[in-house]
Amino acid sequence: MEPLKHECGVAMIRLLKPLQYYREKYGTPMYGLNKLYLLMEKQHNRGQEGAGLACIKMDAAPGEEYMFRERALGSGAITEIFSKVQDNEDYAGQLYMGHLRYSTTGRSGISYVHPFLRRNNWKAKNLCICGNFNLTNTDEVFEYLTSMGQHPRIYSDTYMMLELMGHRLDRESERVYLEAREKGLRDKAVTEYVEEHIDIRNVLRTSMPGLDGGYVMCGITGSGEMFAIRDPWGIRPCFWYKDDEVLVVASERPVIQTTFSLEADSVRELGPGEAITANRHGVVSLSRILEPKGNHSCSFERIYFSRGSDRDIYLERKALGEQLVPEITRAIGGDTDNTVFSFIPNTAEVAYYGMLQGFKKQSNEKKAELLYTMMQDHRLTKEEISQVLHNIVRGEKVAIKDIKLRTFIAEGNTKKELAAHVYDITYGSLRAWEDNLVIIDDSIVRGTTLKESILRILDRLHPKKIVLVSSCPQVRYPDYYGIDMASMEEFIAFRAAIALLHERGMEDVVDRVYRACLAQREVAPQERTNPVKGIYAPFSDAEISEKMVRMLKPEGMTTPVEIVFQTLDGLHKACPNSPGDWYFSGDYPTPGGCRQVCEAFIRYFEQSYSE
């Protein structure tokens with residue numbers, strides 16, 4: 001019930017007709033800029049720390065600027081940057097790229113806000129990139145760059161990607177340059193030939209192999225080339241749309257639908273290893289740059305990150321809630337007549353509707369069976385029918401998040417006291433000591449907010465029993481592909497498993513896992529595994545959930561509490577096209593993910609068990 005931090009978001013627009021066309025049809029040469037604003041604002045949830053945009057004016061004369069960039073920090077960054085550029089004719093261009101940043105590295109400041117820009121006096125060698133990504137083999141990329149004699153100014157995956165792709169862009173420019181010279185061209189004619197014939201797909205084919213991680217990488221060049229490429233595992237999402245007027249790319253499908261008034265089927269998803277490109281003349285190509293390495297589409301996009309207004313995501317989140325009905329029914333002893341259903345926080349609302357729908361179906365089936373049985377005995381009266389139908393599933397708005405308290409700054413005990421009041425309750429929403437309270441969330445990660453705030457405040461309603469429901473399985477492992485998750489020792493599931501090992505005298509398991517993780521350092525990348533699974537192996541999901549309750553229940557709280565988690569099978573049934581589940585299962589799709597989790601456990605062990 002403490003939110004996971006969001007991923008980054010990307011947006012791109014390539015106008016496919018002359019600017020005069022948009023001026024005449026839409027009354028403004030800023031048509032592309034206005035659409036970019038909508039694409040970014042509709043993805044605002046994906047960027048809390050900063051935002052940036054870049055623009056290319058392809059008809060600029062020599063001596064005039066042709067590549068523009070604006071960036072800003074803070075939750076109001078989108079408004080800030082567009083207020084600066086909306087009336088600036090420099091931003092009446094043909095090619096736009098926007099980015100919403102949420103740091104997954106702990107680094108902040110304007111220098112880390114995308115897009116990143118690499119300048120050159122030759123237009124074709126100018127490069128601007130942004131992305132939604134996290135590389136897990138940054139060390140290897142760094143070593144490759146330095147082995148070529150480069151000296152990256154900052155050790156971060158984004159800067160290194162800029163230098164890597166910039167280097168390959170230089171080589172592509174030189175290839176076309178030599179081709180032009182062989183044709184007998186000289187001076188300005190050579191430059192024009194390069195700008196006309198450079199192929200950004202060659203840059204992608206030579207710079208993207210060898211990268212490990214989840215990514216959607218976007219870029220534009222000074223000569224007007226554009227690209228967006230998705231990782232070969234299909235981890236990070238990317239969608240696109242094209243018609244006669246425009247090519248559009250974004251991290252989420254419904255933002256394209258809303259911005260351009262489209263049906264869902266009109267927007268296509270970029271496949272694993274695919275790139276969508278456009279050259280300076282607006283010729284669009286869909287190319288297979290990297291061989292696909294299976295479908296590992298991030299299931300957390302479906303559970304939590306992406307907008308619930310997406311047609312498929314909405315239905316999937318409802319299914320996640322509905323599938324939990326049998327286990328919730330068990331937890332409340334089948335007593336739906338004396339149970340109130342609710343949700344917290346707002347991101348769990350759609351799963352709540354699915355859960356409620358499931359209980360309504362169950363209730364209707366019981367009513368139909370009871371009425372049928374009664375009809376076999378006698379002719380039913382209106383009063384008897386009404387009495388059967390009167391039993392309803394009760395959904396209430398039980399918990400409310402007090403947004404105003406989020407910006408309050410306090411220290412020590414005062415801060416802890418404040419945390420306990422981040423949520424408030426609706427008094428009278430259930431019958432004290434008579435009703436069970438079932439409250440659904442999309443995920444339970446650290447458990448801190450549960451212990452310090454939510455359980456305490458829900459207890460004030462005096463429910464007979466509290467059943468906490470997670471629409472996703474137990475979060476057991478860090479992500480490493482772009483989601484800013486807790487470190488391993490912060491996960492309540494991990495802490496519960498470690499505590500059970502100690503309680504049962506099984507400390508040797510921890511030592512064996514540590515040694516297995518050390519051994520992974522000598523294993524070839526493609527043979528890496530995840531020995532950390534051994535921490536959970538001795539226990540059932542139910543045992544770990546029961547231990548979580550004992551760890552999270554506030555001191556002095558007497559109300560019975562139970563936690564019900566989604567199963568992995570239930571997750572895959574609800575989200576069949578997004579099987580990526582490594583944060584639950586530990587099945588990392590890339591060697592880099594396995595390496596990172598092993599290193600995380602090694603750090604944990606050496607910090608926690610050192611003499």
Side-chain angles (χ1 to χ4, degrees), residues 2 4-5 104-107 134-140 142 155 157 212-214 443-448 450-451 473-541 543-552 565 568 581-611:
E2 52 284 285
L4 294 169
K5 294 183 179 179
T104 60
T105 63
R107 295 174 174 177
N134 200 56
L135 301 184
T136 57
N137 65 335
T138 304
D139 293 346
E140 287 89 343
F142 183 80
Y155 190 89
D157 51 8
D212 187 304
S443 60
I444 297 173
V445 185
R446 298 171 180 84
T448 308
L450 273 173
K451 185 179 182 70
Q474 295 171 359
V475 181
R476 298 181 170 187
Y477 306 91
D479 174 63
Y480 301 124
Y481 300 124
I483 303 173
D484 189 9
M485 284 185 166
S487 57
M488 184 174 296
E489 59 269 26
E490 292 182 78
F491 291 126
I492 183 59
F494 180 80
R495 288 188 283 119
I498 292 291
L500 286 173
L501 289 171
H502 285 284
E503 286 178 7
R504 301 183 186 184
M506 302 170 67
E507 291 89 347
D508 60 307
V509 171
V510 183
D511 186 68
R512 286 201 304 271
V513 169
Y514 169 67
R515 296 185 185 282
C517 287
L518 287 175
Q520 285 291 305
R521 288 176 170 175
E522 309 303 321
V523 172
Q526 297 305 320
E527 297 177 5
R528 288 173 184 157
T529 59
N530 177 11
V532 184
K533 291 182 179 182
I535 295 296
Y536 300 98
F539 313 112
S540 67
D541 292 353
E543 288 177 296
I544 294 175
S545 295
E546 289 167 6
K547 182 59 181 176
M548 284 188 197
V549 170
R550 296 198 297 272
M551 296 174 71
L552 295 177
F565 282 95
L568 276 173
D581 64 1
W582 50 92
Y583 15 70
F584 310 126
S585 67
D587 296 332
Y588 289 91
T590 78
C594 291
R595 181 179 67 85
Q596 293 270 28
V597 75
C598 287
E599 292 301 317
F601 188 83
I602 291 170
R603 288 192 299 272
Y604 161 77
F605 183 91
E606 293 178 350
Q607 292 170 4
S608 303
Y609 293 86
S610 59
E611 296 181 355

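If you're wondering where the values come from, they're calculated on a predicted model, not measured in any experiment.
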J.: Look at atom CZ of Arg515 and say whether more than 12 heavy atoms of other residues, nucleotides or ligands are closer to it than 6.0 Å.
T.: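 At most 12 heavy atoms, drawn from other residues, nucleotides or ligands, come within 6.0 Å of this atom.
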
J.: Over all heavy atoms of both residues, which pair between Cys594 and Asn530 is shortest? Give the atoms and the distance, please.
T.: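 Minimum heavy-atom separation between Cys594 and Asn530: SG-N, 4.5 Å.
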
J.: Checking ring-ring contact (aromatic ring centres under 6.0 Å, His included) for the pair Trp582/Tyr481: CA distance, chi angles, key distance, verdict?
T.: CA-CA 10 Å; Trp582 50 92; Tyr481 300 124; 5.2 Å; yes

J.: Measuring only between side-chain heavy atoms, which start at C-beta, is Val513 closer than 4.5 Å to Cys517?
T.: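 Yes, side chains in contact.
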
J.: Of all the heavy-atom pairs spanning Val510 and Ile535, show the shortest one and how long it is.
T.: CA-CD1, 4.1 Å

J.: Taking all non-hydrogen atoms of both residues into account, name the closest pair between Val509 and Gly534 and its distance.
T.: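 That closest heavy-atom pairing would be CG1-O, 3.5 Å.
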
J.: Specify the closest pair of heavy atoms between Ala493 and Val475, including all atoms of both residues, with the distance to one decimal.
T.: CB-O, 3.6 Å

J.: Is any NZ, NE, NH1 or NH2 atom of the basic residue among Arg521 and Glu599 found under 4.0 Å from an Asp or Glu carboxylate oxygen of the other?
T.: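 A salt bridge is present here (some side-chain N lies under 4.0 Å from a carboxylate O).
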
J.: Taking the side chain as everything from C-beta on, heavy atoms only, tell me whether Ile444 gets closer than 4.5 Å to Phe565.
T.: yes

J.: Measure the spacing between CG of Asp541 and CD of Glu546 and express it to the nearest 0.5 Å.
T.: 11.0 Å

J.: Closer than 4.0 angstrom, basic N to acidic O: yes or no for Glu507 and Arg512?
T.: no

J.: Looking at OG of Ser608 and CZ of Phe601, how far apart are the two atoms once the value is rounded to the nearest 0.5 Å?
T.: 8.5 Å

J.: Between His502 and Tyr609, how do the two ring planes meet: parallel, tilted or perpendicular, split at 30° and 60°?
T.: parallel

J.: Measure from the ring center of Phe494 to the ring center of Tyr604 and say whether it is less than 6.0 Å.
T.: yes

J.: Using only heavy-atom distances, determine whether the side chains of Tyr536 and Gln474 contain a donor-acceptor pair under 3.5 Å.
T.: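 There is no such pair between these side chains.
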
J.: Measuring only between side-chain heavy atoms, which start at C-beta, is Arg446 closer than 4.5 Å to Ile492?
T.: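 No. Closest side-chain heavy atoms not under 4.5 Å.
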
J.: Check the pair Arg595, Asp212 against salt bridge (Lys or Arg N to Asp or Glu O under 4.0 Å), reporting the backbone distance first and the verdict last.
T.: CA-CA 11 Å; Arg595 181 179 67 85; Asp212 187 304; over 6 Å; no

J.: Testing Glu527, Gln526, Gln596 one by one against Pro591 for a side chain to side chain contact (heavy atoms under 4.5 Å, CB included), which residue passes?
T.: Gln526

J.: Could you state the interatomic distance from OG (Ser545) to CZ (Phe539), rounded to the nearest 0.5 Å?
T.: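 Answer rounded to 0.5 Å: 13.0 Å.
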
J.: So, Glu503 and Lys547, do they make that salt bridge, N to O below 4.0 Å?
T.: yes

J.: Nearest 0.5 Å, please: how far is OG1 in Thr590 from CZ in Arg528?
T.: 9.0 Å

J.: Quick one, Val445 and Phe491 - any side-chain contact, counting heavy atoms below 4.5 Å?
T.: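 With C-beta onward as the side chain, the pair touches.
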
J.: With rounding to the nearest 0.5 angstrom, report the CD1 to CE distance, Ile498 to Met506.
T.: 11.0 Å

J.: Of all heavy-atom pairs between Met488 and Pro478, which one has the smallest distance, and what is that distance?
T.: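 That would be CE-CD, 4.0 Å.
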
J.: Write down the atom of Phe605, the atom of Asp511, and the distance for their closest heavy-atom approach.
T.: CZ-OD1, 3.9 Å

J.: I'd like to know if Asp581 pairs up with Arg476 as an ion pair, taking the criterion as any Lys NZ or Arg NE/NH1/NH2 lying under 4.0 Å from an Asp or Glu carboxylate oxygen.
T.: no

J.: Within this structure, what is the CG-CG distance for the pair Asn134 and Asp479, rounded to the nearest 0.5 Å?
T.: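 With rounding to 0.5 Å, CG (Asn134) is 8.0 Å from CG (Asp479).
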
J.: Checking Thr529 against Gln520 for the side chain to side chain donor-acceptor pair (under 3.5 Å) test, could you report, in this order, the C-alpha distance in whole Å, the side-chain angles of both residues, the deciding distance, and whether it holds?
T.: CA-CA 8 Å; Thr529 59; Gln520 285 291 305; 3.2 Å; yes

